[in-house]
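First the proteins, then the strands, lettered A, B, ... as listed; each starts at 1.
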Amino acid sequence: MRYWLMKSEPDCFSISDLRKSPGRASMWDGVRNYQVRNMLRDDFKKGDLAFFYHSSCPEPGIVGVMEVMCPGYPDPTAFMPGHEHHDPKSLPDQPRWYTVDVKFKREFDLVSLDEIRRHPPLEEMLILRRGNRLSITPVTPREWEYILALRS
DNA sequence: GCCAACGTTGGC
DNA sequence: GCCAACGTTGGC
């Protein structure tokens, strides 16, 4: 089982939106980056845990935890003409994009990007890498436990 | 809104 | 396969 950090713009989909979703679960659709696609397709397993990260907002940072409900599967929104995530190059028999279902676990006080930067044990986190633009990144067990300990 | 740091596209 | 142009991400 693995740990992840998954970014979303709260204006688009926030942790409150996830908490208020039916069954407190939602499809994490719309990933259109090949590196991230590969992680969703090959590495995501049921039972994995992920930090929910708010990006492109006044206070970027980690706001909670969610659980991965299933392995990656083809992103149906890519097949939907007119959908904002539609990709005509992704075909049902040759899917280009993948998604997973995630479920709300807990929400805590923001662990801001600034706070993450101030903790040496977290300095290797991919989120701090210059120019990092992946919307999903792996988190090491050590980083995972360290961050949880900040809010427990 | 700015802009650095990417990833993608497409002509050659 | 190269690379310029373009688009996107995301912190600030």
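In this structure, A:Leu134 places its CG atom 13 Å from P of C:dG11, rounding to the nearest Å. Rounded to whole angstrom, the span from the CD1 atom of A:Ile116 across to the P atom of C:dG10 amounts to 14 Å. Atom CG in A:Asp114 sits about 15 Å away from atom C1' in C:dG10, given to the nearest Å. Rounding to whole angstrom units, CG of residue A:Asn33 and C1' of C:dT9 are separated by 10 Å. One can place CD of A:Gln35 at 13 Å from C1' of B:dT8, the figure rounded to the nearest angstrom. Residue A:Asp87 contributes atom CG, which lies 12 Å from atom P of B:dT8 at whole-angstrom precision. Between the NE2 atom of A:His54 and the C1' atom of C:dG11 there is a distance of 16 Å, given to the nearest Å. One can place NE2 of A:His85 at 12 Å from P of C:dT8, the figure rounded to the nearest angstrom.
Within residues 121-132 of chain A, no residue has any heavy atom closer than 4.0 Å to DNA chain C.
Contact check, A:Tyr53 against C:dT9: no side-chain N or O comes under 4.0 Å of OP1 or OP2. Between A:Lys7 and the phosphate of C:dG10, there is a side-chain N or O to OP1/OP2 separation shorter than 4.0 Å.
Ring geometry for A:Phe51 versus A:Phe108: interplanar angle over 60°, hence perpendicular rather than tilted (30 to 60°).
By the side chain to side chain donor-acceptor pair (under 3.5 Å) test, A:Arg32 is found to be paired with A:Asp75, A:Thr77, residues two or more places apart in sequence or in another chain being considered. Scanning for salt bridge (Lys or Arg N to Asp or Glu O under 4.0 Å) contacts around A:Glu67 gives A:Lys105, with sequence neighbours left out.
The nucleotide whose nearest atom lies closest to any side-chain atom of A:Leu113 is, among C:dG10, C:dC12, B:dT9, C:dC12.
Within the nucleic acid shown, A:Glu9 has no heavy atom closer than 4.0 Å to any nucleic acid atom.
No close placement of the A:Tyr98 and A:Trp28 rings is indicated, their centers lying 6.0 Å or farther apart.
Between A:Glu115 and A:Arg151 a salt bridge is recorded (basic side-chain N to carboxylate O distance below 4.0 Å).
For the residue pair A:Tyr34 and A:Arg96, a side-chain donor N or O sits within less than 3.5 Å of a side-chain acceptor on the partner.
Across all non-hydrogen atoms, the minimal contact from A:Asp48 to A:Met1 is OD1-CA, 3.5 Å.
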